[in-house]
Each structure stands twice: as C-alpha cells, then as structure tokens.
4 protein chains.
Amino acid sequence: MIFSSDNWAGAHPAIAESLMAHAGGYASAYGTSELDRKVEKKFSEIFEREVAVFFVGTGTAANALALSSVNRAGGVVFCHREAHVNVDECGAPEFFSHGARLCPVDGIRGKMDASGLEAEIRRFPPEFIHGGRPMAVTLTQATESGTIYSPAEIDAIAAVAKSHKLPLHMDGARFANALVGLDVSPAEMTWKRGIDLLSFGGTKNGCWCAEALILFDPSKAHEMHFLRKRAAQLFSKSRFIAAQFEAYLSGDLWLNLARHANAMAARLADGISASAKSRLAWSPDANEVFVILKQDVASKLQQQGAVFYDWHVPDELADRLAQDEGLYRLVTSFATRSEDVDRFIETC
Amino acid sequence: MIFSSDNWAGAHPAIAESLMAHAGGYASAYGTSELDRKVEKKFSEIFEREVAVFFVGTGTAANALALSSVNRAGGVVFCHREAHVNVDECGAPEFFSHGARLCPVDGIRGKMDASGLEAEIRRFPPEFIHGGRPMAVTLTQATESGTIYSPAEIDAIAAVAKSHKLPLHMDGARFANALVGLDVSPAEMTWKRGIDLLSFGGTKNGCWCAEALILFDPSKAHEMHFLRKRAAQLFSKSRFIAAQFEAYLSGDLWLNLARHANAMAARLADGISASAKSRLAWSPDANEVFVILKQDVASKLQQQGAVFYDWHVPDELADRLAQDEGLYRLVTSFATRSEDVDRFIETC
Amino acid sequence: MIFSSDNWAGAHPAIAESLMAHAGGYASAYGTSELDRKVEKKFSEIFEREVAVFFVGTGTAANALALSSVNRAGGVVFCHREAHVNVDECGAPEFFSHGARLCPVDGIRGKMDASGLEAEIRRFPPEFIHGGRPMAVTLTQATESGTIYSPAEIDAIAAVAKSHKLPLHMDGARFANALVGLDVSPAEMTWKRGIDLLSFGGTKNGCWCAEALILFDPSKAHEMHFLRKRAAQLFSKSRFIAAQFEAYLSGDLWLNLARHANAMAARLADGISASAKSRLAWSPDANEVFVILKQDVASKLQQQGAVFYDWHVPDELADRLAQDEGLYRLVTSFATRSEDVDRFIETC
Amino acid sequence: MIFSSDNWAGAHPAIAESLMAHAGGYASAYGTSELDRKVEKKFSEIFEREVAVFFVGTGTAANALALSSVNRAGGVVFCHREAHVNVDECGAPEFFSHGARLCPVDGIRGKMDASGLEAEIRRFPPEFIHGGRPMAVTLTQATESGTIYSPAEIDAIAAVAKSHKLPLHMDGARFANALVGLDVSPAEMTWKRGIDLLSFGGTKNGCWCAEALILFDPSKAHEMHFLRKRAAQLFSKSRFIAAQFEAYLSGDLWLNLARHANAMAARLADGISASAKSRLAWSPDANEVFVILKQDVASKLQQQGAVFYDWHVPDELADRLAQDEGLYRLVTSFATRSEDVDRFIETC
C-alpha cells in the first residue's frame, strides 16, 4: 500500500528491457546517436509538428531550463502557489535563471485562476523598471492537487499570457496522466492551446530517469543546447534516456500506464466516497487523491503498512476539517495494484 | 575500431543486470532508499573512512558542484590548461559557482606543474581585493592527456594548495583507470594525499549514468544537499544510480574493467611504437593514447572504420610534428576488443 | 509643492560645502583615506560599539549586499509585501544573492506582523531540502507606508528571527526619520533590538549620494570587502561619500533634517485632518503622508503645481474608498517649505 | 609628488562648482531630470550620432554591465591579459554576466595583438558546445600600460571581432587621455572604428564620481535600463552625475584636463630619459609612465615623499632589468603640478 508518490515505483519491465537491449555496442555521445535522433523524431510525430527535444535528468532541470531560456533582468514568472517550481525545487528556477522571481497566483485545487493571473501580472506595469517585469507563465498539468486544466481553462490562461506577450510553459511531470484524463491529443493539450515550452515527464510514469524539454518553436533550440550543457544536463550516454523513451512511447505504453494509474486513483476515490468515516477533499482528475481522514484512521492505515503523506491544508479547505481530521495525499502509479487499493479502502 | 571516447561504449552486462534486478518494487525517493544507503556505506569502506556521497548525473555536475561548494566572491580556481573543467564544460563551473574564474596552469602532458601552480597562485595576493582571490585547486586523475599523477606529484600539488589554505579537488572521471595504473588504494590516491573533494566517475568505465561527488569531510555534507537539489541533480529514482554503483563496486568489477581498458591502451601503444610510419606522442599511463600519424595513414584508418579524433597540438609538441602529420587521440574502454586494436595496428 | 519623493530634493548646503572643502588635494583611493577612516569611526561612536562600515552608491546596493552576505543555496528572505526590496529593486536582491527568494509577509501599514512572519517561516521546515530554507528577515524603518516600528515591535520581529537563527536586516533608507520619530538612540533602534545588518541611508535626507552598509558584527567585514568590490560598489574616490557623511553626522545635522521633514509631514497631516473634503489614510509617523483625496481635488492640486503620486490601495483600505476617491502619497524632505505645505492644505 | 594613481586626485573646481550650482531645488529622480536629458544629448553631439547614455557609479560597473548585456550561456570575452576587467575587478564581469569567462590575450605594452586575438578566438569553434563560445572583445583605451591603440590598431582588432560577429567594447576609463594623445574625434576613436559599447570615464580625469556607459546602438537601450537597475547602479539623484558631466564636457574642459595630465607624463618621461641612473620601460602615450629605477633610487624618492607603485614585470621586459632594478608606475592627472614632476626628476 505505497501511496507516497509515483516516484517510489521502479521501472516498467518494457523500459528495463529497452535499456538492456541498448546496453551493448557503441553509439556517439552527447545526444548525437541514431537512437537519440529516432526518439526526437517520434516526439515530432506525437506532437504533430516539428519540435526540438532536449533530454535532461530531472523534471526540475526541465522546468528550470525552460524558464531560464526566456528570462531577462528583473524577470518575474507567474505560477500557482502550490506549483512544483514554487514549493519543491529549492530555488532551482531562481538559480538557473540568475534570479528570476516566482510570483505565486492563487486558485482552488491547484489551478491558477485566469483573472487572478491577470491581476498579478498587472501589478508589474511593463515599463516600470523598479518593480521587475513579467517574463513567463507556467502551469502544471496535471496539477499538484491531482486536478487537470480543461482545454478551455488552458485557453483562458494562454489568453492572459499572450495578451501580455508572455511565453507559456507547461510543467508536464504528469503529462500522460492529464492527457488520458482529458482524452485529447498531445497537440490539443499543448501548442494548439498556446503552450510554448513543455517539460515532458517520463520518470513518474514508469521510466527510471527520462525527462524531456520540448520547444514548440525549434528556432529556439540553438541557445538551449548551450544552456543545457552549461547546466550539466547533457548526458554523455544520452542514448539511455532515449532508450527509455523509445519503449515508453511505443504502442501507447505511456498512455496505458497513465490510464492504469488514473484508474487506481478513481478506484480509491470511489471507495473513499462510499466510506462512512472518510471523505474526499475533492474529486481526483488524475492519479493523486486528496482525502480527509480521521487521525486515528490514518494511524491505523499506517500500522497496516500504508505509506502516504499528510498534506498542507489549503485555505479553501480550512473550514471543512474537524479537529480530529487531517488532509492526506495518496498517489497511484503504473505499478499500483488493485489489491492494495482495496485493502486501503477496507480500513478507510 | 571505436576509439573516439570511452563514453561511446554502452553499459557492462553486470550493470545492466543490476538495473534490471532493482526495476521492480518500491523504494523511497530522492536518495533515501536502503540501496542508496548501502552503496554510500560501500564508498566509505572503499575509501577506508567515513565519506559523504552525492550521486549526480554527469561528471560536469560533480565537478561544478564541488567547486561551487568552496567558492567565495572573487574566487579563482586553479586547474591545468587542458582540464575538462576548463575546456569541456561550457562554463558550468563558472555558472554553478556564480562566476568563479578558472585560472589555467601549464604543465606538460596534462599535469599541472607544482611550481607553475605556485607561481599562478602568487599572482593573487591574499588581501588584494581588486584582483580576486584563490579559492581551490583541481587536478584531473587520470588526466585528459592519458597520464597519471604519481602519489609524489599529487603530494607536491597538495603541498602548494595547503600552503595557501586552498581545498583540493580531484576530477576522477577516469578514477579507476588511474587507480589500477598506479596500483594504489583509493585512500592512498585521495585523502591520504590531501584531496578534499572527489568527482568519482563510473560512466566512462561501464556504467550508464553513475557519478558520485565524494566529500572526505562529511561535516560539509549539509550544504551540499541544498546545492545539489538546487542544481537539479537530485534524482527522484536515485536508487538506479545506486544500483549501477552496487554492481560496479562489487567484486572488483570496476578495477577489472579499468585494467582491461588500460591494457588495451598499452597494446595500442606497443603496436604503434613498433610501427615504422607512426609513433606515440607520449607513453600512455591509462586508457588514452596520443599518437602522431601521417594524415594519409589517419585517413586510411578512418576509411577502414576506425573512429578517433584529431587533437589540438600542445605547445610542447609543436616542433615534433612534420607538415604531413597530425596528433590523434585514441581512447579505449571496458568494451574495447583486442581484435580491433590489432586491426588498427596493422594499418598504423 | 513637490511631494513626489524625498529623493527629488537636492543636497543640503552643508553637505555641498563639505564636498567642496574636500575637492582639492590627494587622498588614497578605494576607501582607505583618512577621511574614510574618520567617518567610519564616527559611525562606531554613533552606534556606541565597533561597527564595520561599507560606503555604497545606492540603498538598493546596501540592501542587496546585506542579503547576499548571508545567503545560502535555496535561501528565502522574509520581508513585508510592500518592502522596497520586494517592489522597487527590480530583482537586485535576487541577483546579488544568486537567486534568493523573497517571501512576502503581510501586515497592515507597512509593518510585518510577528505572528505572520512566524507562520511564513514555518512553511519552510528547516531540513526539508525541496522547499528552500529560511535565510534572513529584513524590515524597513521607517516603512514604505510612513509608519515606524516601535522598539517593542522590533523586539517581536527579532524574537521570531532569532528563534529560527536567522540574521535580521534593517533597511534604513529613512533611518533618521524613524530615529527622531521614536526619539531613541541609534543603538536602541538597531543592535540592542537584535538588528545584525543595517542599510543606513543618507541620500533621501539631504545627501547627494551617501549610503552605508553597517555590520554590527565586524568579524563579518572581511567577506563584505570582496562582495562590495565584486558588485562594482567600491568607489575609487570613496572619500566623497565620506565627506557627505562627515557633514551629515556633524552637530546633529542629520537628526535636524529628519525632524524638519517629519514636522512638515505632521503639518500636512494636521491640515488634511481638518479638511472637510479629504482625509488621512492613516496617521504618519515619519515623512510620508498617505491621504485619501477626491479625484477632482487631486487634479486641482496638480494643476496648481503639486507633484505627488497616486498609490496602490492596500487590501486593508479597499473598503474605505469611495468611487471618486484615490489614495495618494505625499513625501516631505529636509527641503520642504511650510509655505508649500500650507498652499497644499488650502486646496485640499 | 603623488604619482600613485589618477584616482588619488580630488575634483576639479569647475566640477565641484557645478555640483554646488545644482544642489538646490528639485528634480525628478532616477535619471529622468532635465539635466540628465541635457547631458545625454551632449553625449550625442560629442559622438556625432545618437547614442544611449547610462550613468553609473564606477568604471567597473560600466564594464561589467556592458559585457553582461551581450552575454550568452557559455560566453567567453577576449581581453588583454593586463586589462582592468581581468586583473582589477574582483570578478565583477563574471558576476554581472552570470559566469562569462575572460580569456586573456597577449600583446606587448598592454595592447592586444590582432593575430593573437584571432588565435584565441579560434580555440572556440562556434558550434562546439562543450568549450564555450566567443561572446565579445574588449579593449582598453588608453591601456593599463599607458599606451594608446592607434586608429589602425583598433581597426585591426575590430576586423577580427567583426569577422566572428562579436560585439566590441572599449574600456575608456582614460578615454580623454587617449583622445588627446591621438588627436582624433570621439567618433573617430569609437564607432567609426567599430566600437559598439563604450565605458566613458570621467572620474580619473577630474570628476568625483562620473562614469557613463555609452551604447552606439540606442535600440539596445531598453534592456540596459533593467540591467542597470538590477545591478543597483541607478542613482536616485542621478542629476549629480549629470552635473559633473555637464561641467566636464563644457568648453573642452575634459580635453584640457587630459592634455595637462599627458603633458605632465611627457615631462616625466623626458626627465627620466635624460637621467643617467634611470630609464623608461617604454615611452608613454598618455598619462602613465613606466620606469625602471634602481631600488635605492626608488627608496630615496619615497623618502622624499613621492608616492608610486612598483609594478608586475611583464614577460617582454623580464630580461631587461638588472637585479637591483625594479619596474615602477607613475600616473599623472589633471591635478599634477610641474614642480612635483621636476622634483621627482631631480632625484631620479
């Protein structure tokens, strides 16, 4: 009953086998091998347009490089208050961008509110040099709250960003989970909505270490080669990231793994909804379930071997918790077994 | 006949199998798993003292983090002119350290000369704030020229560094090759010689992606946790780097792989020495052979499928090349086959 | 009727004359002259203890250097949401500190609330490397809202900072205005309250360009010499900053100038309080008056030659303004004439 | 007999008076006053084209901002080995540019050799991401060795820079001394020769603190406003820098002051040339004289009150000094009196 995080899972067998299959022989280094090129092309197919692809080692690296590539002196990046860049990257975006500021935007259930975004951007008049200047907007899909921006919601965020001429980045650490949750194409969830840069995550969904930064405008790729190398993110045996993506993107494996994770989350949610003692904080869209448990129930579950984290209670929820209740996060993954879900529900 | 670089090789089967063996199940993330801890302890055993170990994704990351951890405003790092940090990392040391300067030190065959180092350090009087101030010394073992600092040579460098109270870093991208070349223990080649920080490389010697930054003073570890995380080098599924090192460090695999690579280099060197047309630039100590070939010989080898790079001619060699000759670098690895060496020698 | 900012005023005659008096002759450069030393000693007298003094060119430089000197990777600085570092320095604190994050703390009338500060700091558990870590607290005295922290209020902020082992910085761009407002000694408003670093401003109170960064722990001075030089803030003819401070600090000139500015603000406030059309947003403690004017009154004043800025309405005030009213800031200075104040009041 | 540096002198009376004249009244802050605008226009007149002008506090700031404005990840700046940016700015160029590397170029008497520059640039193949990439060339006029690049020599440097598409910066800390030394117009010494950015120094030639960064392409000004502000170099009472330049640039004062300094240097040089005991290291072009003195002569001069620095012996001179001789630098300024020169020569 491991619901702590999707990055506690290991690697899917197909991905492990792809790595094994490419272990022998020689290949040119630093992202120039045939396999690197082949997988890059695969990304262009998936996105239905030519994209520039940069493999990196962590989602934090993808996010921080993306933001650093559009930064300027005094730059301000707008993100949701609970966004990974804002609360889980120990200043990497600020470091990579030489001091950009992250400006948190509020919004319930992990999603920036378009009008809240507009209001925050307006606090920085474009030609007022003292206060800094807007530089980018970044949204997370699926969000850290297990919710998904609908295409219309992305459109609304993009409209605000574009009206201020700001590039729009998507942190897609759980891209596949969002995609199958919405049942749209990768293109429809990204560049057709106005996304300019994408952190495409594979690690949380069955890879060992496979993240890609996608530039929908390949003319920006030249600078990124230098930024990535300078950030120590150009891997000599880059083909082993490529090998993971090769398997991941073949025959809809990535989508199937995400479907499984989301289905396990839905099963958890259904069970909790039916419980007399516990209840959902909100309904999950992807593979993270936020649940309100009595503390003794949580303790009992932990004694039974369940692993999950208690969670910061957002303002929007503060009134809804009783004194003896806590908010907890449960994350499912490609590796989650329905037996574990059912055991959890039994106690819950 | 792939002699372009040791990072063109793949992964050794034992390492691939270790990754496969750890693919299943769950493990806590971000370097906190049992396997991470176990491998960290193994490093302490190997170095015969408690060390702090930080897994990172690239050798450049290990080097740049090491140097950033000892930097101060106006800091200057002393390294050999041909050092990887100076010529192959696209400004990563400068970026990670917020602008430290690399001060190149000369010395033949890739090794800093202790007196040359002393002279360069003396150009920065300690309390003269205008000129910057010495901050660290870094040496590469084995060097980029395929040579190895003897213990006495490391002592001489360390004596200079210590007399100026400067921390001493070793870039050990080819640590194992140096170790077996000298036939000393890891402790004897590092902290017993005065090394404070070590970039311990596994990638070039049979891993896919396994680098470790070793701090011989574990009390410095606390800051490094933040530095590594901020640099986007803390891997969520860190155990897969650990899994590689587990196999690598078991039963002397790492030393045996390096012995093979060095033996292949020696075989190449012997063959070239016996050639009427070609000759060694200098005798190799580890797994890199620098050879002077007539350009038509080089072309013929390339037509036969040999892959290798032509190389920047160092000043010390400038007089020794004829007009129709070039300097070339041949790198062997754990994967090099003696047949390929012999085929190369036949033409050479 | 110039009430736009105290930095629109020129230089007080005594300061201009001191510059003239020191124009001739030679003096050793870069802060080493006798005059530099003499003025540094004067600061130690004023603060009743040995302090380290660093002259710099702007208040932003003093603030950013102070914060950079205590930064660490992933560091977070806590400041009031309206603090100059947060809204008026275009990312200088982030730049100087290599990416520190500013975490805004709320509090009415420009003052951080101690419990609000505590709550914000607690959001960063000390050993949780993902989220960054608290690094410093900075408060502004007098605040950007024209209010002054009482000694007890500083004590409360300092208690929070110290309980988290965080250094405490004071942005004293309007230090003298606060000092005479409280009628306490410089020591009582700073290190006796727990302040570790102080940006001591002279420019807004009658100097041309005279700012000093004061370290109450002189053992920290060594690093600051390098930080200041690297930041291009070490002036070759530093004695001309010293010359301004020499006059400024002689015979209570600085206090008298601040008393005048505060008295002019009080006169403005009294007049506005007596007005039937206009009213104070809150009562001023120092030399900034925030006033609620009907927009047609504001326009009329501007037509009569009054210069002042309209101001961002803080949340605490949002309900109190009628549709046809605006919030405006009036700043007085050493140069403000009572005639101008009275003319303003007549219309107001 | 103060020959230590031109920044030991004070301020010229005309400049002190201009400051006094502008001390009263009000002016809009942060570089927006009428006086700021007027002086900016004067610069455009002087350079015979529209230029963008940014007042800053130090020459180091002007240099570092100039280089930071053209930097890119992995960028390398080429400068003479003895250039101020390389040996006297404590890492400010690296800090401001987020880690650009300075690549020293050799050349006798402080001047980069165009072919040496070409050779250094060629060490960085443009598309080789590992080694970093050329970013800018900077030359100092007059040089740190008291010499002046002739127009033809600037043309040669510019031709190399332009052939590699690199912007060309001039560090003009002693711009006026070079100008009158060459007897050309400001335009002829700068943009007509291919200079893109200029650090225009006034401090060493009679101002208190007046430096300007000049952009010959005003379309680049927008970004510089943010860079300067973020670097804490935007002065609130900017008009006092403007006031200095107003006097400095009026009626050829700046040129006359430089002519005087150069004439004093020539007088020193003539006297030393005629000495039996001492000799010039090389003939001065501007206001710095490098002289070879017997150590006992140097000591005697110092006992008589002469102040000057001993100097690092460049390689080109190493053979020419006897054991009992040293190299010394004598700097003259607008304030140097001929009596002091003559007294010096008497002993020398």
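Every chain is numbered from 1 and lettered A, B, ... according to where its sequence line falls, protein lines coming before strand lines. We use all heavy atoms of the structure for the numbers below, so side chains are in, but hydrogens, waters and symmetry mates are not.
Contact of S238(C) with chain D is not made at all, since no heavy-atom distance falls under 4.5 Å. Of the atoms belonging to S28(C), heavy atoms from both backbone and side chain fall under 4.5 Å from chain D. For A9(C), the parts lying under 4.5 angstrom from a heavy atom of chain D are both the backbone and the side chain. For S5(C), no part lies under 4.5 angstrom from a heavy atom of chain D. Looking at E94(D), there are no atoms closer than 4.5 Å to chain C (heavy atoms on both sides), in backbone or side chain. For a residue to count as touching a neighbouring chain, one of its non-hydrogen atoms must lie under 4.5 Å from one of that chain's; by this rule L234(C) touches chain D with the backbone only. The contact between Y30(C) and chain D is made entirely by side chain atoms (from C-beta outward), counting heavy-atom distances below 4.5 Å.
Contact between A16(C) and A23(D) at its shortest, heavy atoms only, is CB-CB, 4.2 Å. Here the closest heavy-atom approach between residue A335(D) and residue Y26(C) is recorded as O-OH, 3.2 Å. Annotation for W8(C) and A29(D): closest pair NE1-N, 3.7 Å, computed over non-hydrogen atoms. In plain terms, the two heavy atoms of T203(C) and S236(D) that are nearest each other are CG2-OG, 3.6 Å. In plain terms, the two heavy atoms of C209(D) and F235(C) that are nearest each other are SG-CE2, 3.7 Å.
Applying a 4.5 Å heavy-atom cutoff, the residues of residues 239-247 of chain C that approach chain D are R239(C), F240(C).
Between chain D and the residues H22(C), K204(C), K229(C), the most heavy-atom pairs under 4.5 angstrom are made by K229(C). Most heavy-atom pairs under 4.5 Å with chain C: of the set E17(D), M20(D), R230(D), this distinction falls to R230(D). For the options P13(C), A62(C), C90(C), heavy-atom pairs under 4.5 Å to chain D are most numerous at C90(C).
Applying the 6.0 Å contact sphere to CD of Q302(D) captures more than 12 heavy atoms from other residues, nucleotides or ligands. Surrounding CD of Q304(C) are more than 12 heavy atoms belonging to other residues, nucleotides or ligands, all under 6.0 Å away.
Distance alone, capped at 3.5 Å, places no donor-acceptor pair between the K237(D) side chain and the N7(C) backbone.
The distance from the CD atom of Q233(D) to the OG1 atom of T60(C) is 10.5 Å, given to the nearest 0.5 Å.
Ring planes of F95(D) and H98(C): perpendicular class, angle over 60° (limits at 30 and 60°).
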